[in-house]
There are 2 protein chains.
Amino acid sequence: MKPYLTTRSLLPENQESPIELLQEWQTEDSLFYLRNHFPYPQLSQHSFDLPIFGHIPQPKVFTYKEIQAMPSKTLTVLLECAGNKRSYFEPKVYGEQWEQGAISQGTWKGVPLAYLLSITGLLSSAKEVVFEGSDYGTRTDMEGVFYYGRSLPLDKALHPDTIIAYEFNGKPIPYKHGYPYRLIVPQWYAMASVKWLKRIMIIDHAYRGPFQSIDYQYYPDPEGDEGKQPVTTMNVNSIIQKPLPYEVLNQGVHEITGIAWSGKGRVVEVDVSVDGGKSWNRAKPVFSSAQSYTWTLWSYTWEVHDAGEYVIWSRARDTEGRIQPQQPFWNRKGYGYHAIPKVNVKVE
Amino acid sequence: MKPYLTTRSLLPENQESPIELLQEWQTEDSLFYLRNHFPYPQLSQHSFDLPIFGHIPQPKVFTYKEIQAMPSKTLTVLLECAGNKRSYFEPKVYGEQWEQGAISQGTWKGVPLAYLLSITGLLSSAKEVVFEGSDYGTRTDMEGVFYYGRSLPLDKALHPDTIIAYEFNGKPIPYKHGYPYRLIVPQWYAMASVKWLKRIMIIDHAYRGPFQSIDYQYYPDPEGDEGKQPVTTMNVNSIIQKPLPYEVLNQGVHEITGIAWSGKGRVVEVDVSVDGGKSWNRAKPVFSSAQSYTWTLWSYTWEVHDAGEYVIWSRARDTEGRIQPQQPFWNRKGYGYHAIPKVNVKVE
């Protein structure tokens, strides 16, 4: 018996990880969630060349061989789609109806972008770095054909752990996950980690591609743009893996298990409530890491001897003091859901 | 790109068909939904012997060879779990949270039970036929170990299309779908189609196994047993496959597609509304069959030139005049959901 990805759509291919059923530290390729905006791109020999141009002293094209010969960094990084848990918003919002499996964790090896830029140099006019993927297609909200592209502010682009990855879990990156190059931006929602990275452009102004200026923005207003804010760092968050929603349990001892994570610092505690938030019990970490970019697997032993209906809550807190809220922050495009998860069970 | 089964749980294994993404007449093995009450059973050489005993003149054990040599029947049959769409009930009910993919269609070859009973004979005291599977385990609501077992009233058991199947889609039945024998009961919800069929018992009273007398009963009362009714024939029902829930569409022409079925007679019409049920448009059957036990694939061409939010409804009617209701028939264990499906979309 094995779980599968949960298919949300095939064109483009969007598949969720069966996250409730996994306990692994590294999500294997076949269970790593897939989120695409467009059909898969055609690759060519040119896909192995990586041009960097714009506000640098001299444009340069790095070859696959050159990149692989550079000093590398290997990082285990949690990637979470900004739309993860979108289906839980009330009122409902349009877009892919992700449940909680648009999240996976893998180990990426690559060269820090800062290293490449130390070779090319940077002009003082440089403000943002634009990353363009090979994938392209149409949008419903405007005419034209668009490449998937995103920018990073200079400080995040130059962070030593922002890498141009070429390996995933010890092998070349699988085609569907961005072969041959994928930008990996730890701590940010995964729209930033551009797949099939085709070229890098240093610009002196704010990038205005639609995946930067229209999508991946929080719109708290149901209609207008008031309060619009870019989606960046992952919120502190958790899921309950076990028991499953509306499961019927025996009286006795049950392990409540789950995952917690944060895009700032690390998770320092996870609390579990079985009485609707009146009292909280500290969960124990089953596995966590000194590394900052990974999830924490947690567990809480629940002994229950009274038949009845219960609602199990989990609440993560990170080193920055951020804590999951009771109510989600509703926004029109449905990003960054991180309210306390609740699982109803009946004990017989 | 291919869809996968959607994993609801692994122990027991419950996996949903990605029904929105399939357009096939026969569901292939790897996409056929899986619904189990217990861990998979161990089979042995004895699993190929099929004993029939009880209120018949002489108990008899049929061998695999004997059964395969008998006159056979090949039927394409839709199987739907009684709990299909359970997650849509409001108020929510406990149990596996199936969405709409606990349904698949395959071709089964086997010998009519009536033929076997024509060999063994039947005593006039016979009232029901009990079918026991090889799968067993515990329950949360009572002590003990139980085999999965179900009974049929004599008229349904003797129906010429109630068969002991040994082939599925032209091959021996896959292990997970009931190898070597599966009872196939067309038109009834699939709890009746007992897998890993181990023995058949003719009794002179009403069978009282827990999967007959406790589960697979409609309980309209949230607490008590008032109005309790056994789950038998499938309701008239439909699903919308395309567009997907909360999808954003362009203005223009869109094919709305889906599936409709019924456990009584056949589906004679499917209507589609895009204005909340004020007006209805006849969908055209894309594929249906003269056979009574199969689903109908339907399609409706929607031309839309006004931006805005729409809710698409579909409503099937069968030859018996049964029609999908607006409101589901709520019942405590969540069986037989067949209210009109509704899909929200936004046109830009």
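Chain naming here is simple, since letters A, B, ... match the order of the sequence lines and numbering starts at 1 in each.
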Query raised in the report: What closest approach, in Å, do A/Leu244 and B/Ser9 show between heavy atoms, and which atom pair accounts for it?
Result: CD1-CB, 3.7 Å

Query - Side chain / backbone / both / neither for A/Val93 at chain B, heavy atoms under 4.5 Å - result: backbone

Requested in this report: Go through the atoms of A/Lys2 and report whether side chain, backbone, both or neither lie under 4.5 Å from a heavy atom of chain B.
Outcome: backbone

Query raised in the report: By a 4.5 Å heavy-atom criterion (distance strictly below it), what part of B/Val345 contacts chain A: side chain, backbone, both, or neither?
Result: backbone

Report task. Heavy-atom distances under 4.5 Å only: say whether B/Gln15 touches chain A with side chain, backbone, both or neither. Result -> side chain

Query raised in the report: Using a cut-off of under 4.5 Å for heavy-atom pairs, which of A/Asn250, A/Thr138, A/Leu10 has the most such pairs with chain B?
Result: A/Leu10

Query raised in the report: Should A/Glu348 and B/Arg139 count as side-chain neighbours, where that means a heavy-atom distance under 4.5 Å?
Result: no

Query - Flag side-chain contact, heavy atom, 4.5 Å: A/Arg86 against B/Tyr246 - result: no

**Report entry** Per-residue contact mode, B/Leu249 against chain A (heavy atom under 4.5 angstrom)
**Finding:** backbone

Query - Atom CZ of A/Phe146 with >12 non-hydrogen neighbours under 6.0 angstrom - result: yes

Query raised in the report: Who in residues 209-226 of chain B is close to chain A, using a strict under-4.5 Å heavy-atom cut-off?
Result: none

Query raised in the report: Atom CG in B/Leu5, atom CG in A/Leu5: separation rounded to 0.5 Å?
Result: 12.0 Å

Query raised in the report: Of all of B/Pro18, B/Ser87, B/Pro245, B/Gly95, which one pairs up most often with chain A through heavy atoms under 4.5 Å apart?
Result: B/Gly95

Query raised in the report: Atom OG1 in A/Thr7, atom CE in B/Met1: separation rounded to 0.5 Å?
Result: 11.5 Å

Report task. Kindly check if the number of other-residue, nucleotide or ligand heavy atoms within 6.0 Å of OH (B/Tyr310) is above 12? Result -> yes

Requested in this report: With a 4.5 Å heavy-atom cut-off (strictly below), which parts of residues 20-28 of chain B touch chain A? List them by number.
Outcome: B/Leu21

Requested in this report: Considering non-hydrogen atoms only, spot the tightest contact between A/Tyr94 and B/Glu247 and give its length.
Outcome: CD2-O, 4.0 Å

Query raised in the report: Between B/Gln251, B/Glu96, B/Lys92, which shows the greatest number of heavy-atom pairs under 4.5 Å with chain A?
Result: B/Lys92

